[in-house]
Amino acid sequence: MSSRLIGVGVGPGDPELVTVKGVGALRAADVVVVPVMDTGERGRAEATVLHYVPEEKVARVVFALNERSDRERREAAWDAAGERVAGLLRDHGSVAFATIGDPNVYSTFTYLAQTVADLVPGVVVETVPGITAMQDLAARSGAVLTEGTEPLTLVPVTAGSAVLKEALAGPGTVVAYKFGRQAAEVAEVLRETGRLGDAVWGSALGLPEESVRPAAELDGSPLPYLSTLIAPPRRDGGRGGKL
């Protein structure tokens, strides 16, 4: 039988937000891989997984999760991680990879799966969807992501504040990921586009250090890297006004 690599979304950090199917996939796999930075500290994915599977079943694999400037170093880390997971697949029938959020939304799993597919011919790659940070922030803050015919735009601020500004000029809700280090620029763009008043941001969702605040309180201080922003459009038409 073909070996199986399953990317499992484990949500933004609250272990209660892992789906029943996700828990089942983690428990059914022979090995559960969790990504760690080269500094070795336990990340959100690993902490969440340990609520559902024993530690001896977990394999910690180093990824250059915080490396953006040194492409050679980043790709070397991807190659090393792929080799490690390929080795696990050769020894075991199924390997699950736990990723925060969803495995098909800005996830390290994408790069891992591409690497492993080249190393393990015939490997079957599957994904189990997970709750995303924007969904969790919307629930915790009361922000409505979309109404009627509104579009929804998701922007990683690592692409630059100009990309965010262009999105905010549009008609629908804009969600910004990974904006913590550029919080001052983001606050200024929100002011320029008239989106500051109804916007909210959050970080460490579901964790003891969770913070969910109005974007109007952004004072330019750096925030955690994985901060999330929701900037809804103006909705002046009353109930059903966006239909």
Side-chain angles (χ1 to χ4, degrees), residues 2-37 42-53 57-68 74-75 77-89 92-120 122-139 145 152-156 158-159 175-178 205-207 225-226 228:
S2 298
S3 53
R4 295 169 64 232
L5 175 63
I6 309 105
V8 181
V10 296
D14 183 346
E16 292 185 345
L17 289 181
V18 184
T19 67
V20 174
K21 186 171 183 177
V23 172
L26 294 173
R27 289 176 173 168
D30 297 320
V31 179
V32 179
V33 170
V34 294
V36 297
M37 294 191 294
R42 179 172 291 170
R44 292 190 200 181
E46 182 177 5
T48 303
V49 163
L50 290 175
H51 280 79
Y52 297 107
V53 300
K57 186 176 175 176
V58 176
R60 308 178 86 234
V61 176
V62 174
F63 285 79
L65 297 172
N66 58 346
E67 180 59 69
R68 299 199 58 82
R74 184 173 67 242
E75 294 199 354
W78 289 346
D79 289 341
E83 290 281 2
R84 173 82 189 284
V85 174
L88 291 171
L89 281 166
H92 303 278
S94 63
V95 172
F97 179 86
T99 178
I100 60 171
D102 182 277
N104 294 304
V105 180
Y106 299 130
S107 172
T108 303
F109 180 72
T110 301
Y111 315 121
L112 176 68
Q114 291 172 354
T115 305
V116 170
D118 291 335
L119 296 171
V120 184
V123 64
V124 175
V125 177
E126 304 172 0
T127 57
V128 177
I131 300 296
T132 61
M134 64 177 166
Q135 292 170 288
D136 196 12
L137 178 57
L145 287 171
L152 174 65
T153 303
L154 177 59
V155 176
T158 48
V175 175
Y177 275 2
K178 305 177 184 179
L205 301 174
L207 303 177
Y225 173 66
L226 289 178
T228 298

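The closest side-chain heavy-atom distance from Tyr177 to Val175 is below 4.5 Å. Proximity of Tyr225 to Thr158: side-chain heavy atoms (C-beta onward) are separated by under 4.5 Å at one or more points. The side-chain heavy atoms of Leu226 and Lys178, taken from C-beta on, include a pair separated by under 4.5 Å. Between Leu112 and Thr99, every side-chain heavy-atom pair lies at or beyond the 4.5 Å cut-off. Considering only heavy atoms from C-beta on, Thr132 stays 4.5 Å or farther from Tyr106 through its side chain.
Atom OG of Ser2 sits about 11.0 Å away from atom CG of Leu89, to the nearest 0.5 Å. The line from CZ of Arg60 to CZ of Arg42 is 7.0 Å long, rounded to the nearest 0.5 Å. Expressed to the nearest 0.5 Å, how far CG of Leu145 lies from CD of Gln135 amounts to 7.5 Å. Between the CD atom of Glu75 and the OG1 atom of Thr115 there is a distance of 9.0 Å, given to the nearest 0.5 Å.
Arg44 places no side-chain N or O within donor-acceptor distance of the main-chain N or O of Gly11, the cut-off being under 3.5 Å.
Across Asn104 and Asp102, no two heavy atoms sit closer than the pair N-OD1, 2.7 Å. Contact record, Val123 with Ala117: CG1-CA, 3.9 Å, taken as the closest heavy-atom pair. The nearest pair of heavy atoms linking Pro103 to Pro129 is CD-CA, 4.2 Å. Counting all heavy atoms, side chain and backbone alike, Thr48 lies closest to Gly13 at OG1-O, 3.7 Å. Across all non-hydrogen atoms, the minimal contact from Ala133 to Thr228 is CB-OG1, 3.6 Å. When all heavy atoms of Asp14 and Gly206 are compared, the pair lying nearest together is CB-CA, 3.8 Å.
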Before giving the answer on side-chain contact (heavy atoms from CB on, under 4.5 Å), spell out for Val128 and Ile6 the whole-Å C-alpha distance, their side-chain angles and the decisive distance to 0.1 Å.
-> CA-CA 7 Å; Val128 177; Ile6 309 105; 3.9 Å; yes
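Phe63 and Phe97 have perpendicular rings, their planes meeting at more than 60° on a 0 to 90° scale where under 30° would count as parallel.
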Please list, one pair per line, the donor and acceptor atoms closer than 3.5 Å that link side chains of residues 17-37 to other protein atoms, with sequence neighbours excluded.
from	atom 1	to	atom 2	distance (Å)
Thr19	OG1	Gly22	N	2.8
Arg27	NE	Tyr52	O	3.1
Asp30	OD2	Gly93	N	2.9
Asp30	OD2	Ser94	N	3.0

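Considering only residues two or more places apart in sequence or on other chains, Gln114 meets the side-chain hydrogen bond (donor to acceptor under 3.5 Å, both in side chains) condition with none of them.
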